[in-house]
Amino acid sequence: MNFELTISPMNEIDADVELILVVNKDFKHDFVKNRKLLKKASFKAEQDETYLLINKDRLFVGVEKINDTNLRVAMAKAIQRLKSTKYKSIKVACYFEDKNSTHNLRAMVEGVLLGAYSFDKYKTKKSKRKLKDVIISLEEYNAFNLDMEECANAIELAQITADATNFTRDIVNTTPDDCFPDTLAQIASGLADELGLECNILKPKELKKEKMEALLAVARASRHKPRVIHLTHKPKNPKAVISLIGKGLTYDSGGLSLKPSTSMVSMKLDKSGGSAVLGIMKAVSEMNLPVEVHGFVGAVENMIGGDAYKPDDVLTSKSGKTIEVRNTDAEGRLVLADVLAYAQQEVEADYMFDLATLTGASVVALGQYTSAVMGNCNTPKDMVIEASKNAGELATKLDFNKLLRKCLKSNIADISNISNTPYGGAITAGIFLDNFIEKENKDKWAHIDIAGPSYVEHAWGENPVGGSGYGVRTMTRLLEKLAK
Ligand code: BES
Ligand code: ZN
Ligand code: ZN
């Protein structure tokens with residue numbers, strides 16, 4: 001998709017279709033013509049409501065109030081409405097709530113690209129999108145002397161962010177037998193070649209040498225051997241050093257603590273954290289951010305078989321701590337225990353963030369659209385929350401507490417991989433991970449449970465059915481802020 005920015009007024013721009021955002025139900029605004037027809041069609045201009053006036057080549061979309069979130073989703077809905085049409089170019093006026101900032105423009109462009117996403121890898125008939133050119137007019141704000149360079153920059157950042165999100169969506173949506181641990185490693189090394197990132201892939205022999213016995217136990221029953229990926233974006237004189245750690249379970253059958261059949265469907269989603277880390281690495285590199293970013297992915301498949309790890313096993317993790325396995329479906333934390341230990345051994349980071357589809361309990365607690373942010377210190381958690389707001393993703397904090405800490409006690413090992421109570425499962429999983437964070441890093445770490453928003457089986461907001469690429473937008477915004 002090409003984006004063109006112009007100060008020409010809308011009526012002087014040549015395009016196949018005109019998009020009119022009807023803000024705050026203000027039908028009297030100059031841009032809104034065809035008022036009688038809109039009334040006849042019962043178009044109320046509710047947020048995200050669309051009406052295509054085909055014989056006038058005008059598409060109307062309701063926007064409740066101008067802000068990034070509303071504009072992003074309205075643009076996504078507009079593009080989706082045009083999906084089956086033959087229009088090749090569209091023109092739209094840009095809206096600014098704050099005349100000195102280009103964030104609304106960025107949100108609009110993100111909305112177009114996120115809304116245009118579709119996944120048809122497995123369809124024999126591929127959908128062909130006709131729309132190629134988006135022309136954005138700054139007509140209304142011409143007088144305010146907008147910095148065109150900053151506007152162009154906002155468009156570029158939006159394109160990089162949305163492309164990286166769609167890249168992550170593609171990985172998540174790919175089926176487990178087309179995307180297994182080595183596939184993730186290949187994608188990472190492809191990114192490294194293309195973008196000049198450093199890339200180190202650990203295979204079973206190296207994983208053994210690194211004593212990642214918890215990760216290796218989870219991987220054992222699968223015919224697809226595990227990988228740990230370490231990608232690095234290393235600019236000169238970085239303003240900060242950040243480690244990102246992603247859960248990359250390319251399939252989670254539950255292992256011997258087998259999932260019920262209905263819960264197993266969609267468990268290709270369990271690589272969403274790792275896939276987001278790959279997307280974030282792509283974005284930071286394309287943005288050339290002056291922040292050193294290390295992306296780690298624990299890529300493993302959790303299967304059953306004669307060689308499977310079992311409830312009752314005691315595993316010695318990389319950190320030296322022993323873990324009693326009481327449920328093989330709580331495998332993500334075992335993989336992350338070792339990858340977190342590895343990340344801390346390899347990099348002395350200012351902050352570490354892990355992204356993981358760790359618990360169904362987080363979805364029960366918060367609903368499908370919100371991630372759960374946990375940790376010992378508010379600083380990294382607040383960084384995530386603030387970035388998520390700017391990015392248009394929902395995230396909220398869940399607090400650790402001493403009483404839940406006790407629930408992970410094991411009679412025979414240092415810790416149990418599940419809690420002894422059925423309540424507070426998102427938090428006890430976060431506390432489990434905390435046991436593998438070294439003392440000096442306790443305040444530098446935040447855990448983000450993305451089990452809900454990373455994959456939803458219906459379209460929501462600017463997100464499609466399936467993988468949403470959740471976390472790419474939030475973490476990219478967070479890293480952009482550190483780069484300032
Ligand atoms: N990958 C799942 C968590 C999950 C569930 C992600 C639903 C997305 C949607 C994780 O490995 C898991 O199975 N967790 C168990 C933990 C339990 C055994 C303590 C869960 O949530 O049931
Ligand atoms: Zn599981
Ligand atoms: Zn899992």
Side-chain angles (χ1 to χ4, degrees), residues 172-173 176 179-181 184 214-215 217-222 226 245-276 297-304 308-313 323-339 354-372 374 398 404 407-408 410 415-433 447-458 466-468 470-471:
V172 173
N173 288 327
C179 184
F180 41 87
L184 290 182
L215 179 148
V218 175
R220 213 164 57 209
S222 170
I245 298 97
K247 171 176 172 181
L249 263 288
T250 57
Y251 199 68
D252 180 12
S253 68
L256 290 179
S257 314
L258 197 63
K259 284 185 185 293
S261 41
T262 49
S263 313
M264 209 186 292
V265 178
S266 78
M267 273 305 141
K268 62 175 182 180
L269 68 79
D270 219 15
K271 59 186 176 308
S272 296
S275 308
V297 181
V300 180
E301 187 180 56
N302 186 20
M303 295 296 282
I304 54 169
Y309 84 124
K310 312 168 207 36
D312 283 354
D313 280 345
I323 308 168
E324 178 189 0
V325 178
R326 293 181 71 87
N327 189 318
T328 60
D329 197 11
E331 83 302 332
R333 60 194 79 182
L334 299 174
V335 170
L336 285 180
D338 278 353
V339 184
D354 75 72
L355 294 124
T357 47
L358 208 58
T359 64
S362 71
V363 194
V364 173
L366 303 175
Q368 286 177 291
Y369 312 114
T370 306
S371 74
M374 287 164 256
L398 290 184
L404 284 175
C407 300
L408 289 164
S410 161
I415 191 168
S416 163
N417 84 323
I418 54 163
S419 165
N420 60 19
T421 103
Y423 308 114
I427 299 175
T428 48
I431 291 173
F432 179 91
L433 297 182
H447 156 58
I448 314 169
D449 193 333
I450 60 170
S454 64
Y455 192 99
V456 178
E457 289 204 290
H458 55 255
S468 66
Y470 185 95

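Just so you know, these numbers come straight off a predicted model, no measurement behind them. Residue numbers run from 1 in the order of the sequence given. Order of listing sets the numbers, starting from 1, for every ligand and every atom in it. Heavy atoms only: backbone and side chains are in, while hydrogens, waters and symmetry mates are out.
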Student: Name the closest protein heavy atom to atom 10 (C) of ligand 1, giving the residue it belongs to and the distance to 0.1 Å.
Tutor: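 Residue, atom and distance for the closest contact: Leu358 O, 3.3 Å.
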Student: Under 2.8 Å from the Zn ion (ligand 3), is there an N/O/S atom belonging to Ala330?
Tutor: no
Student: Return the minimal non-hydrogen interatomic distance between Phe432 and Ala337, and the atom names on each side.
Tutor: CE2-CB, 4.3 Å
Student: Select one of side chain, backbone, both or neither to describe which atoms of Asn327 lie under 4.0 Å from any atom of ligand 1, heavy atoms only.
Tutor: side chain
Student: Under 3.5 Å between any N/O of Thr359 and any N/O of ligand 1: does that happen in this structure?
Tutor: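 Thr359 vs ligand 1: no N/O contact under 3.5 Å.
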Student: Nearest 0.5 Å please: distance from the CG atom of Leu358 over to the CD1 atom of Ile448.
Tutor: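 One gets 12.0 Å once the value is rounded to the nearest 0.5 Å.
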Student: Main chain of Leu334, side chain of Asn417: is a donor-acceptor contact present, judged purely on distance under 3.5 Å?
Tutor: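 It does not hold such a pair.
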Student: Check this for me - ligand 1, Ile418, N or O atoms closer than 3.5 angstrom, yes or no?
Tutor: no
Student: If you consider just the N/O/S atoms, which atom of Asp270 is the closest one to the Zn ion (ligand 3)?
Tutor: OD2
Student: Have Tyr470 and Ser371 got a donor and an acceptor in their side chains that come within less than 3.5 Å?
Tutor: yes
Student: Is the shortest N/O to N/O distance between Arg333 and ligand 1 below 3.5 Å?
Tutor: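 Such a contact does not occur with ligand 1.
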Student: If we set the cut-off at 4.0 Å for heavy atoms, which region of Lys271 has an atom near ligand 1: side chain, backbone, both, or neither?
Tutor: neither
Student: Among all protein heavy atoms, pick the one closest to atom 1 (N) of ligand 1 and tell me residue, atom and distance.
Tutor: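 For this ligand atom, the closest protein heavy atom is Asp270 OD1, 2.8 Å.
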Student: Which residue supplies the protein heavy atom nearest to atom 20 (C) of ligand 1, what is that atom called, and how far is it?
Tutor: Gly360 N, 3.9 Å
Student: Charged N to carboxylate O below 4.0 Å: is that the case for Asp354 and Lys247?
Tutor: no
Student: Determine, counting only non-hydrogen atoms of the protein, whether one lies under 4.0 angstrom from atom 14 (N) of ligand 1.
Tutor: yes
Student: Any donor-acceptor pair under 3.5 Å linking the side chain of Ser468 with the backbone of Pro453?
Tutor: yes
Student: When you measure from atom 2 (C) of ligand 1 to every protein heavy atom, which one gives the shortest distance, and what is it?
Tutor: Asp252 OD2, 3.6 Å
Student: Indicate yes or no for a side-chain donor-acceptor contact from Asp338 to the backbone of Leu215 under 3.5 Å, with no hydrogens or angles considered.
Tutor: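 Yes; judged by distance alone, with no hydrogens or angles, the pair exists.
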Student: Just do the salt bridge (charged side-chain N to carboxylate O under 4.0 Å, His left out) check on Lys271 and Glu301 with the steps written out, would you?
Tutor: CA-CA 9 Å; Lys271 59 186 176 308; Glu301 187 180 56; over 6 Å; no
Student: Quick check for you: with the Zn ion (ligand 2) as the vertex, what angle do OD2 of Asp252 and OD1 of Asp329 span, to 10°?
Tutor: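 Vertex at the Zn ion (ligand 2): approximately 100°.
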Student: Work out which heavy atom in Gly255 is nearest to a heavy atom in Thr328; give both atom names and the distance.
Tutor: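 Closest pair (atom of Gly255, atom of Thr328, distance): C-OG1, 3.4 Å.
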Student: To which protein heavy atom is atom 12 (C) of ligand 1 closest, and what is the distance rounded to 0.1 Å?
Tutor: Asp329 O, 3.2 Å
Student: Atom 7 (C) of ligand 1: which protein heavy atom is closest, and how many Å away?
Tutor: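 For atom 7 (C) of ligand 1, the nearest protein heavy atom is Met267 CE, 3.6 Å.
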Student: Provide the atom name of the closest N, O or S atom of Glu331 relative to the Zn ion (ligand 2).
Tutor: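 Nearest N/O/S atom: OE1.
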Student: Would Val363 count as a contact residue for ligand 1, given that I'm defining contact as a non-hydrogen atom of the residue lying under 4.0 Å from a ligand atom?
Tutor: no
